[in-house]
Every structure is written in structure tokens, then in C-alpha cells.
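Every chain is numbered from 1 and lettered A, B, ... according to where its sequence line falls, protein lines coming before strand lines.
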Amino acid sequence: MDGLNYFEETASTLYNPDVRSWKQEGGLVIATQCSSIPEELIHAAGILPMRVRAPGLQDTKNADAHLHRINCSYSRSVLEYLLLGKLNFLDGFVATNTCDHHLRLVSEVEDKSDYSFFHYFQMYHTLGQGAKEWLLIEMNRLVKEIGTTLGIKISTEDLRRTISVYNRTRRLMARLNDMRKAAPPPLTGAEYMNIVLSGMSIPREAFNKRLEALLPELEKRQVAETRLPRLLIIGGACDSPGFIDFIESKGACIVADGLCFGLRHYMGIIDEAASDPLEAIADRYLARIPCPSIIDGFDQSYAILKEIIDELDVQGVISARLKFCDHFAGIRKMLVDQLRQEKSVPVLELEREYNTTSSGQISTRIQAFLELL
Amino acid sequence: MGKPFEKTMEMVNGLAKPALELFKTMDDEDAKLFIIRLNDSIGRLEEIAAAITHQNQKVALFEFGLTPQLFYAFDCVPLCMETFPMLFTANRKEVFYEFIEAAEAAGLPSDVCSTDRCIVGAALSGEFPTNSFFVASSAPCDGTRIAYPIMKKALKVPTLFLEAPYTYEKEAAHWYGQQIKTDLIPFLEAVTGKKFDIDRFREIIEESNKAYELMLDIFDAYTVKPSPIPASISGFPYASFIASAGHPRNTESTRLFHDEVMRRVKDDIQNPFEEKHRVLWCHVQPTFDGEFFKWMEEKLGATVVTSMLSSSPILLPIDTTDIDTMLEGYAWQGLDMTMSIMRFDTNKLLEFTMKAYHQYRCDCVIVTQHVGCNSICGAAGLMRRYFHDEGVPALFIELDYNDDRVLSSEPLREQVEDFFTTIMA
């Protein structure tokens, strides 16, 4: 399908043709380290925000000299990308301390890069009023830093325009997710992930146009009648369409996710009528599916995931935890306990490295899980 | 499922009390210090055990992002969670292993910090009081942020999570203090059924300020060369403060300890070994080998004079002028006097480390790369380079500070001995 090829191409590399064009026209690109950083503020400054990833990386031999082997392979891969010069096209970096792996990556990036713009966004770790206040303090700091360092003043009107663009994306993504309720869905999980990643890797307005054009094509798409088990995947830094494809190749269909590169990025609408757009952006971050680093976020996470499981007729959950990710270990345990208590769907507990796309052991475990279903 | 605090009191009655009696019979300069410490610990644990049997009294389970004064102001008995595993790691290893296994059997992976696995395992095994409530902050680490939500579900007791700012500045302390005012105080009023009494709080803060000032004096004495007391006991004032600041027992124990340290400085009483090296320990020292520091001193002439975590009482005592100044000071103690300093970025951690290094006149650094701590392990790259550039001799040891099954005493001692007999020779 031609429309999907574009998304695959722009997802597969950070410095993709769209970004090259953006840069050639004098545009700035600033990386964000986590889906919890309100990238809307960067967009409102007329800068292209890009969620930092390390697609196609095979090993982290240089980064391993700086970060420890118990630091997650996502953090080490980002550092490796930086050390290899693959992030040289960036004009800035917004780092954060969502977890300890990220926290230690902050100082490494600061030490080993020479971006004219480097900002440390100090993340909230609870829900509720305290977190909202803290998030707003940090958002204001980021706005101020963009003004001071880059000389770009972000106005209320800029924020409102951005909110409108981002809401457009999130509504389109919601439509796309609605299509995945069909049995079988009109696109595979791997195809879906390419769309997701593309949206984080190109100018948002261009993405909206492309996605808007794609949706009618998908509505008309003919897919073979199959009755494959319908799965939901959760995990942290899973941005590998290859890994999703590998799971699906065993005879399953990924119809939903609770991933940072997925639902966490695209869920929720910002109130366009709110008197304070910054506060409205903060509200959306706090209302979406929380990151497992949010100490009191499990109940909110569970309610959202359970609704998805029911609405999309999910028959099993795959937890693809990155090795050494404490937060996903915790949420996995609580999720398994809660789903078991409610006699809901089973969970397959996998552990993977950031660049894992396949392995014999994982293959066997997926097959056994699918037989169980 | 055991009875609450059963294993803890077995340890107190079976080991701590006999040890206390033994020390009382010893004609040893250091015995006095160990007697002070044991009396303090036994008193504190017995108080918790007594509170468990009184349904009208509440046990305040809290984590390192707070100190205990506010809980005393509501007549609660505090138990600092992070100090709990250390009760067992040296002397009742089988209990520690049992708790670890309980957590892992329930689904926590073995790569999560052993402190957090032990706490979760203890909760799942019924070791914690049920007439309790639980308060945790979102700092300092991944381990606590997953252990405490799991514990909340296991214990089914009232729980409050506070947002801990990750910055080191007055504004952050003020903000955290306000959150204590708007969230924690009403929570404590609800769980205890008691109204907040500012005069009572001030009384307790004033009590803790006395211990605090004594502790600062003691820490000043640690800068004396050679060190006036053995390393194995030097952490006591800090540990006691974290566990029971605001309680008269803490003040009295600290005063006794203080007087003994000062007597030694005044009379020039020295440790019975030649102090060749003064060590700054980064992160947590191994807790599973009770003889380790003594061995370092006797065999290598190396004394651990302070640690990056416990050397941080560099603040003023809490200002008791009004509720806001008290809460801001109290907040700052919780944020920056405890393991919460691990929440800082690596450069700030290094700043703290080097301040202590110079203040305590150290000549080398040992860094624990605790295998469950993503934070200290992730900081090691920059730390190593910094120490190299600054000419600070540093040893990095990969171990689990609680669990001798990861690296036992023998290979640990070998690494340390190699460092002192080669690099430091």
C-alpha cells in the first residue's frame, strides 16, 4: 500500500528526507528524551520536536564505556547514537529524569554534546495537584529557556495553534485506533507502529496531511479473513516495527498498545477552550495513560488498559519489558495480579533489549502463549 | 504469613540484647559507643513492637524522602523503611533471603534493588504492622517508585505519595514544604483522628534541632586526623537521626555519643591502628559484613571517615519561627539529608562528593556500584573520568550492598586490599 510506504520510510531513520528539507529551509530540530516532555512547547516555538530514538543500531560498544550494563539498552543506544555522530543534525536536546536510566543519560548527553540548546526538564512522578504544579513550573522554565537561549518568544496564540495541530493528530490517531477494532484490522501492528514513529519524526502538520490521506485508503483496504489472536503490547522503549512483525509472524495480531512509542504519545485531547493553554497541556499529560514511573499511576493505567482490552476484544497481553527497567517490572507485576484477580486476559512476560527484533527463546515463548490462547 | 514484627523482635531479643549485655562486660574503649548504639536501636524497635499491640496508636511507615519529626507530632511511632533490611543483612541473613525470595516469587525481578525487594518481601510476609499508614515521596529512585505502589496493595493501609522536586534550591524545599502542609498534614489528621498542633510540632523540631547540632559537632570531629572513633560506629548519629529525629531518646543517644567523641578528641585518644588512608565511601557501604570496616582499619590502615550520603548534613537547624519556616526546613532535611540526594544529576552528585572529600580530608574514594541501583551505576562513567582528571584515587566495586550472594566478603576484601596495596601504596 503506497500510503504506508511513506510512514515506513520516515520512521526508519531520524534524519529522514522530511527532516532534511526542514533543516534546509532553516528550521531547527530539538530532540526530546521522553514522551512525558511536553513537546507542544517546542512546536509552539516553531521548532521541530523529535522524540530521540536509535533505529537500526546493532550494538552499544562505545556507550557501554560510559553507562553501565545495568542501564537500559534504550539509554545506552541513544548515547551510542550521539557518540557515533548520528544526532549531529539536532540543534538542541531536552533531557529528563523520568527514570534513573534517563537521569544518568542527562549528564552524559550534556557532557558529550555541544548543542547550543540543552535543557534539563525535571519530571513529575505523581498524579494530582502537586504534580500539576510542578509540571507547570517546569513547562514555564522550558518556555523561558527557549526564549533566553534561542530568542524565541512563545505567545499564547502560538500555544493555541499548536494545541489545534496536536489535537488534529490525536483525533486522527484515535480514528486509526478505532479501525483496529475490526476483526481482522485493516493494518498490522507493525504498519501501525511505523505510523506512530513517523509522527514523532517529521513535521507534525505534514504528518497530519499524510495520515488524513491514508485513513480513507485503509477504510477501503481489503484484508484476508483470519481469526488470529488479538493482542495488546505494553512496555517502555519499544520502537521496533520489526519486533512487532516478529510477534505477528507467529500467528497473532497486535491491535493495541500501552507503549511510550504509541498510546502514551498520542492519547488524549487538549482543551482548546481553556483560558490557560499551558495548564490545558499539563492536564492532558496528567490524564493520559501514566508512565510507570508515576508512583501513584497504576490505577489510572489499569483503568485505561482494561477499557482498551474490553473495547478491542483483546485476548492476551504481551509485556515486553526492557531489561533493567524497574518501572515496567513493577507495573507488570501489578497488572498481572489485577488481571488475574478479575479473571481477565493472560499476560506473557517477555524481556528484551532495545534493538531486539527476534530471538529463538522469545519465539518459543510467544508460540506457547498463542497456543494457550 | 508471620506475625507483624515477629522476625524483627526475634533479632532484637536473640541477638541485639545479648550483644548489649556482652558489651557491658567488656573493658574496651569502643564498647561504650556500641552500647549507646544498641540501646538506641533496641529502644526504638521495642517502641514499634509495643505500638503494634495498641490499635489506638499508629505506626508511620515512611521512606527516605522525609524525616520522622512530623509523625512524632501526631503521636505516631515511625519506622523508616529503607533502614529495615539492614537489621538483618549482617546478622540474620536467612531472614533477609526469605524476604527477597518472597518478593521474587511474587513477580519482582532479581535486578530490582535488594532493599526494595526486601521491603516488598517483608510486607508480603506480614512483617509490617497493620495498624499503620504509609508515606512515601517520589524520590529518590526507580526501586522505591515501584516498591511502594506494590506495598500499598499488599498492606492495604492508608497511603500518601508526595511529589519530590529533583532540584537543589530553596524554591524546591519551599515547594515541597507547602505540599507537606497541603497534603501530608491533612492526611495525618485523617489517619490519626488528631488535629495538627503547631506547638507540639515546634517542640519536636526543637528537640530534633538539639540532636542535629550535636551531630554537626560530631561530624566536625570526624575531620580530625586521625579519626577519633572506628568507622564501624561512625554512621550511628546519622542513622539514628534518620530513624528517630525529634524523639528524646535520639537526642540523648546523640548527646552521649557526642560527649564520648569529644572526650576522645580532647584527650587525644586514638584508634589502635595507624591511620594511613582516609576513605570517602560513595553510595552505601556493604551492610552484610559487620567486620569489614574493622578489617580495613587493622589490615590496611584505611578508615572510612564518611560517606557521600551521610556527610550531607550541611544545612542549618530548622528555623522554628513559624509554620512555613518549620516546614521548609523539615522539607529540606527530607530532600537533602537522606538518600534522596541520589535524585541529583551526576554533576551535582560529584559536587556533593567532592565537598565531603575535601571537608573530611580524604585521600581516596571507594564507590559502591550497587547492582540494583541504576542511578549510581549510571553515574560511574562520569565519576570515573572526573576522579581521574582530578587525581583522586578511586576504586569502583560492583556488589549488592545488602546481599553477600552477589559478592561475598572474601572477594570484596581482595579487591579493597589490592587497591590499597597497589594504587595507594
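- Contact of B/Q178 with chain A is not made at all, since no heavy-atom distance falls under 4.5 Å.
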Assess whether side chain to side chain contact (heavy atoms under 4.5 Å, CB included) is satisfied between B/D111 and A/K323, documenting all intermediate values.
CA-CA 9 Å; B/D111 52 59; A/K323 280 180 187 163; 5.7 Å; no
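- For chain B, the nearby part of A/K112 is the side chain; its heavy atoms alone come within less than 4.5 Å.
- In this structure, CG on A/L127 lies 9.0 Å from CD on B/E163, to the nearest 0.5 angstrom.
- Residue A/Q361 qualifies as open at atom CD: its count of foreign heavy atoms under 6.0 Å is 12 or below.
- Looking at B/A106, the atoms closer than 4.5 Å to chain A (heavy atoms on both sides) sit in the backbone and in the side chain alike.
- No other option in B/N347, B/V120, B/T167 has as many heavy-atom pairs under 4.5 Å with chain A as B/T167.
- Comparing A/A329, A/A65, A/C99, A/G128 by how many heavy-atom pairs each has under 4.5 Å with chain B, the most go to A/C99.
- We find the CH2-CD1 distance between B/W175 and A/I137 to be 6.5 Å, quoted to the nearest 0.5 Å.
- To the nearest 0.5 Å, the span separating OG on A/S107 from CG on B/D345 amounts to 4.5 Å.
- A/H68 NE2 to B/S375 OG: the interatomic distance, rounded to the nearest 0.5 Å, is 12.5 Å.
- The main-chain N or O of B/I150 is never found under 3.5 Å from a side-chain atom of A/K333 such that the two would form a donor-acceptor pair.
- Counting heavy-atom pairs closer than 4.5 Å to chain A, the top-ranked of the candidates B/C373, B/G372, B/P165 is B/P165.
- Looking at B/K153 and A/D337, their side chains never come closer than 4.5 Å, going by heavy atoms from C-beta outward.
- The aromatic ring centres of A/H125 and B/F161 sit 6.0 Å or more apart.
- In this structure, CD1 on B/I146 lies 11.0 Å from CD1 on A/I331, to the nearest 0.5 angstrom.
- Checked for salt-bridge contact, B/R385 and A/D111 meet the test: a charged N lies under 4.0 Å from a carboxylate O.
- The stretch residues 293-303 of chain A places A/S293, A/I295, A/D296, A/F298, A/D299 near chain B, each with some heavy atom under 4.5 Å from a heavy atom of that chain.
- If you measure heavy-atom distances from B/L162 to chain A, the contacts under 4.5 Å come from the backbone alone.
- Within the 4.5 angstrom heavy-atom criterion, only backbone atoms of B/S137 (N, CA, C, O) approach chain A.
- A/M334 contributes atom CE, which lies 9.5 Å from atom NZ of B/K152 (distance to the nearest 0.5 angstrom).
- Exactly one residue among B/C141, B/C377, B/C113 makes a side-chain contact (heavy atoms from CB on, under 4.5 Å) with A/D100. That residue is B/C141.
- Interface summary for chain B: among A/R332, A/Q129, A/R141, A/E351, the most heavy-atom pairs under 4.5 angstrom belong to A/R141.
- For chain A, the nearby part of B/F344 is the backbone; its heavy atoms alone come within less than 4.5 Å.
- You'll find the side chain of B/N374 stays beyond 4.5 Å of the side chain of A/R104, heavy atoms only.
- Neither the backbone nor the side chain of A/F328 comes within contact range of chain B; no heavy atoms are under 4.5 Å apart.
- Neither the backbone nor the side chain of B/T182 has a heavy atom closer than 4.5 Å to any heavy atom of chain A.
- For B/D389, the CG atom counts as densely surrounded, since its 6.0 Å shell holds more than 12 non-hydrogen atoms of other residues, nucleotides or ligands.
- Interface summary for chain B: among A/Q122, A/R69, A/H66, the most heavy-atom pairs under 4.5 angstrom belong to A/Q122.
- If you tally non-hydrogen atom pairs under 4.5 Å between each of A/V106, A/N97, A/T98 and chain B, the highest count goes to A/N97.
- Considering only heavy atoms from C-beta on, A/F324 stays 4.5 Å or farther from B/D142 through its side chain.
- The number of heavy-atom neighbours closer than 6.0 Å to CZ of A/R340, taken from other residues, nucleotides and ligands shown, is 12 or below.
- For the pair A/E110 and B/K348, the salt-bridge criterion is not met [side-chain N within less than 4.0 Å of a carboxylate O].
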